[in-house]
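Reviewing the structure listed below.
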Amino acid sequence: MQPADYEHLTPSQAIAYQSELRQQIHIESLDNPINVIGGADISFNKYSETVYAGIILLKCPEMTVVGHSSVISRTSFPYISGLLAFREVPALLEAWDKLDIKPDLLVLDGQGIAHERRLGIATHFGLVTDVPTIGSAKSRLYGRHQEPANEVFAESPMYDRGEIVGIALRSKKNCNPIYISPGHRVSMDQSVQIIKNCIRGYRIPEPTRQAHILVNRVRVEDSGTDKQFSLF
DNA sequence: GCGACAG
DNA sequence: ATCTTGTCGC
């Protein structure tokens, strides 16, 4: 199955495919050092099939931007909770292929294994590219957890029948927690540690935050040029 | 049947 | 996700 063909899948077939991919997930210690970390995100205009995908490259541990790539693509697969990867991975792969240098690890905006079939977008992307990935989501999809204490870096594990699938992390005081889970080829503890090292005073870790700024800028710039949005 | 539901 | 101004709280 190729990502480019995802648009032809029915939700039922997509779910069946996730069940197959699940067999290939590797949650393990990442030994390679992380010199460059990447952040990926997508932006789009409501009701439009045009999607703006981008990947930002940051130097560790400074968190300074050292590169990026972006693409304007199309998607017909709708947003369905639990099947996000089928909608966003194809465009993200296009941006990934355009990168001159690949990061040592990529952070995606969404869940990793904190998913009913352990196939959040971060895990899915990691399997397709065979790259270490971490999922950093702004809201919860799956897993039960207690409210983290209201202090920076307070955390509380997310469970699924006794198994820890992720962690709710208070990345900033007085802000809602973010949900971290390993995607592929990295451990749970490393995922949390890595994300903590990417926090720079904002609720959202730099890789994801910078990626969001990037794709949003690309979208606004294009919307003024896109026929569908210019009235003249 | 009811509530939950990444982006 | 995106649409949007002011406004409450630290």
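Quantities reported herein were computed from a predicted structural model and do not represent experimental measurements. Sequence lines set the chain letters: A, B, ... in the order given, protein chains first and strands last, and positions in each chain run from 1. Below, each value reflects all heavy atoms present in this structure, side chains not excepted, and no hydrogens, waters or symmetry copies.
- Taking a cutoff of 4.0 Å between a charged side-chain nitrogen and a carboxylate oxygen, A/Glu147 and A/Arg170 qualify as a salt bridge.
- Listed candidates were B/dA6, C/dA1, C/dT2. Nearest to the side chain of A/Phe44 is C/dA1.
- Side-chain proximity of A/Arg140 to B/dA4, C/dT2, B/dA6: nearest is B/dA4.
- Nucleic acid contact for A/Ile42: none, since no nucleic acid atom lies under 4.0 Å from a heavy atom of the residue.
- Residue A/Ser81 places at least one side-chain N or O under 4.0 Å from the OP1 or OP2 atom of B/dA6.
- Stem regions for DNA chain C, meaning three or more consecutive Watson-Crick or G-U pairs with both distances under 3.5 Å, do not exist: the list is none.
- Of all nucleotides listed (B/dA6, C/dA1, C/dC3), B/dA6 comes nearest to the side chain of A/Leu141.
- Rounded to a whole Å, the CG atom of A/Asp41 is 12 Å from the C1' atom of B/dA6.
- Heavy atoms of A/Gly82 sit under 4.0 angstrom from at least one base atom.
- Backbone-only contact: A/Arg219 has heavy atoms under 4.0 Å from sugar-phosphate atoms and none from a base.
- Considering A/Ser136, A/Cys198, A/Ser191 in turn, A/Ser136 is the only one that fulfils the side chain to side chain contact (heavy atoms under 4.5 Å, CB included) rule with A/Val107.
- Shown for residues 181-216 of chain A: residues whose heavy atoms fall under 4.0 angstrom of DNA chain C, namely A/His212, A/Asn216.
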So which protein nitrogen or oxygen atoms get under 3.5 Å of nucleotides 6-10 of chain C's nitrogens or oxygens?
from: C/dC10; atom 1: O3'; to: A/Asn174; atom 2: ND2; distance (Å): 3.2

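- For A/Lys138, the listed nucleotide lying nearest its side chain is B/dG7; candidates were B/dG7, C/dT2, B/dA4.
- Ring centroid separation for the pair A/Phe86 and A/Phe77 comes in under the 6.0 Å cut-off.
- Using a 4.0 Å heavy-atom criterion, one finds that A/Leu83 contacts the bases of the nucleic acid, with or without backbone contacts as well.
- Look at A/Tyr79 and the base of B/dG7; the rings stack, centres closer than 5.5 Å and planes less than 30° apart.
- The closest donor-acceptor contact from the side chain of A/Gln190 to the backbone of A/Leu30 lies under 3.5 Å.
- Comparing B/dG7, C/dT2, B/dA6 against the side chain of A/His115 picks out B/dA6 as the nearest.
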